Structures are given as C-alpha cells and as structure tokens.
Amino acid sequence: MTTVQQPPWVPLLVPDMPSPQELLPWLERMHAARHYSNFGPLVQELESALAQRFVLGSEQLTTVANATQGLELVLQALDLQPGSRILLPAFTFVATATAVVRIGHQPVLADVNAQTWMLTPDIARSVCEHMRIDAVIPVATFGMPHDMRAWQQFERDTGLPVVIDAAAAYGSQWLQGVEGTLIFSLHTTKSLPAGEGGLVVSTRPGLAAKVRQLSNFGINLDPDADAPVGTLAGLGSNAKMSEYHAAIGLASLQKWEHHAHKRKALQADLIHEIDQASGHCMTWQTQGAGGPLMAPTVLCARLPNALARAAVEQACQQARIMTRRWYQPLLQHIDVLQQRCVSLDTPNAEALAQTLLGLPFFLSITAEQRQRVCSAVASTA
Ligand SMILES: Cc1ncc(COP(=O)(O)O)c(C=O)c1O
C-alpha cells in the first residue's frame, strides 16, 4: 500500500525574532549589570532610543509589559468617571474592549470606514452628536496609521481624550508633529518584536509618567513628586518590561529598518501575485490620510462575498495553507462582551467580518509556499 506524503502546512505567521547570537551581547550586558527588571539599563536604553525616534523627552514615553496593560493603565491614568463610555471600532482585537471593561468603563462599538477598515474622526463625530461619549480609542487596524492632525482637531473640538491603539503599527504610526497618545505592542508577531512588550507614547502632560508609576504597583519613584519616594501613590499593577524583553527589543530595533523594508516589499509582491492568480477579485486595505503602512505584519484580503471567502478558505485548507478570520467575530457578537458593550449600527464592520481573510505572511516564506497560496486562490477564481 502506498501512502501519499502530505506537504507540511504553510503557517499563517512566523515570528521574525532576533537569533540567540544577536541577543547574546545584550544578555551579557544585562548579566554583568546584575539588573534584570525594575527599569534597568536596557529598558532605559530602549526607551531613550525610542524617545529619539518619536522626538520626545524620555518622560513622554514608557515601556510596559504588553499593549493590553498599556491600554488599561492609560485608561486608569486618564482618571475618567467610573462607567465612562469609550468609543472604539467594532472591528478590532478583543484586548481593545477588554481593557475598557476591566478598568470599569463601557465600550461603545462604532462602525469603520469601508476602505481603510478604521474608525475615523468623522464617524466618531457623528456618534458624539447622538450620545454622550467620554473618550475615544481608534485602532490603527493591521498597522495602518491614523491621521494624527485630524484626531488632534477632534480632541480640540470635543474636549474628549483620544488614545490610539497602535498595537500593530510601530514604525507606521507617528505623532506626525502634533499632540497625541499612542500605544504599541512589542509582541513576537509585531513589527518591533520583544517577545512580549508594550510602549506608551503621549504628549499629554504627565500621562506617560503616571502610566510608568502604575506599571510599578503605583509606587512613587519621583523625588520631585508630592508623595515620598517608595510610598504607594496609586492603585497600580505590575506591568514593567523586564531587561530580558528589553534585550530582545534592542536587538530587534538594530535591524528594524532593513526588516521593515523587506516586509513592505514582500507584501507588495504577494498582493501582486495573488491579484493575478485570483483575477483581481480581492480588495486590500486602503491607506488613509495618516500615510503609508511601513512595516506590515499580516496579509488580509477581502473577498467579494461570504461564499467566495468560504471557497478560498476551503481551497487553502485542502492545500494545507493556514488562514485566519482576523478580528472575527465582531466584538458585539462575542458573548462575554455583548452584555457589557453598547453596540451601534456597524454595516461596514459587518460586511468586513463576512469577507475578510488573513493569508500567510512572513519574511521566510519560500517560493514554493507562495506558489501554493497562489494556486489555491486561483482554483477558486
Ligand atoms: C489592536 C490590538 N490591540 C491590542 C493588542 C494586544 O497587544 P499585546 O499582545 O501586546 O497585549 C493587539 C494584539 O494583537 C491588537 O491587535
């Protein structure tokens, strides 16, 4: 009897992490300093390298353990009334909403723009005309940057704080020369991977410093503050970045430009190949007024309808190619969130959730794997 050898699965993502050799010099420095956490030299070096890139003072930025903790602590530091209504897009990762609920507020789920797949200042403005909103968390969806000038104008017009969940947007989302608050993820799958990690960047006076304090249990470490050094000044958590993670972040930062360039080129090539294979039946996320996506981390195609998506999913499954329905189901359709959210009319998000499909995207993808993806897509065209 002959057994048919199945090809290995094409993975959806493969983390682009520094090698042990690249990490070693940083780990040796850490060990020589005998400093492994608590804002040690490597965390300070990472923060100062990032502060330079954002052209900010070091007090306007802080590392945290991950973006989810970053979101929670920023929301806590904003000191809104308990039960505040926080507007966010229905089409996002669950952490955007769970952070809001865990801090004691209520997510209000808004629609997204049909082309950029993002909550825009115009959508937020029209919601604010009909109901009380206390803060807004736009999401830089799949790393696509927001127009910070437009959000600054929104903040000025409405008086509402805006916090951008830029989890996947390191290197794409900048402050663009205006005021703003950004939260990035440094998870292994993101564009600046540190294993786990987060970064809070804010021009809002005192916000990043408060988040830093809350990430260290709420203990005051500032000799110039009212509370004595070492006393508990707030009800914080433990969300510090360790020196181990900072070591990975620093090693990743050294090659970030080169890798971002390769990711961008790979994404353009894959879109071109898949467009040809599918007879141009797929659509892709459109750049908004915030500028280009500089370091893509995923590849998301939009099919003309739910049936066409199911056909591509099935063809990929048969060809042993992993796919993912990113950000689905929408937040309002998740049981544990449903009761806790206000759900608005979200026709664009609903349509996206019927038709969006994540395809394999990673720098080490081989020509054979690319060919398999194209053949699977072509078989449904
Ligand atoms: C939009 C969004 N927000 C928040 C997060 C959570 O980031 P972290 O894993 O660093 O907590 C993610 C993770 O993928 C995300 O996509």
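The residues of the chain are indexed from 1 along the displayed sequence. The shown structure was predicted, so the numbers you read here are calculated from the model rather than taken from an experiment. Ligands are counted one by one from 1 in listed order, and the atoms in each one are counted from 1 as well.
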Asker: Quick one: sort the Phe142 and Tyr327 rings into parallel, tilted or perpendicular, breaks at 30° and 60°.
Answerer: parallel
Asker: Parallel, tilted or perpendicular for Phe54 and Trp174, by the 30°/60° rule?
Answerer: tilted
Asker: Check the pair Lys240 / Ser215 against side-chain contact (heavy atoms from CB on, under 4.5 Å), numbers first and verdict last.
Answerer: CA-CA 5 Å; Lys240 301 186 295 294; Ser215 77; 4.3 Å; yes
Asker: Check for a donor-acceptor pair, side chain of Gln369 on one end and backbone N or O of Thr366 on the other, with a separation under 3.5 Å.
Answerer: yes
Asker: For ligand 1, list the protein residues that place a heavy atom within a distance below 4.0 Å of one of its atoms, sorted by chain and number.
Answerer: Asn66, Ala67, Thr68, Thr92, Phe93, Ala95, Thr96, Val139, Asp165, Ala167, Ser185, Lys190, Gly197, Tyr327
Asker: Among the clusters formed by ILVMFWY side chains lying less than 4.5 Å apart, do Leu199 and Val139 turn up in the same one?
Answerer: no
Asker: Just by distance, with hydrogens left out, do Glu179 and Thr203 show a side-chain donor and acceptor under 3.5 Å apart?
Answerer: yes
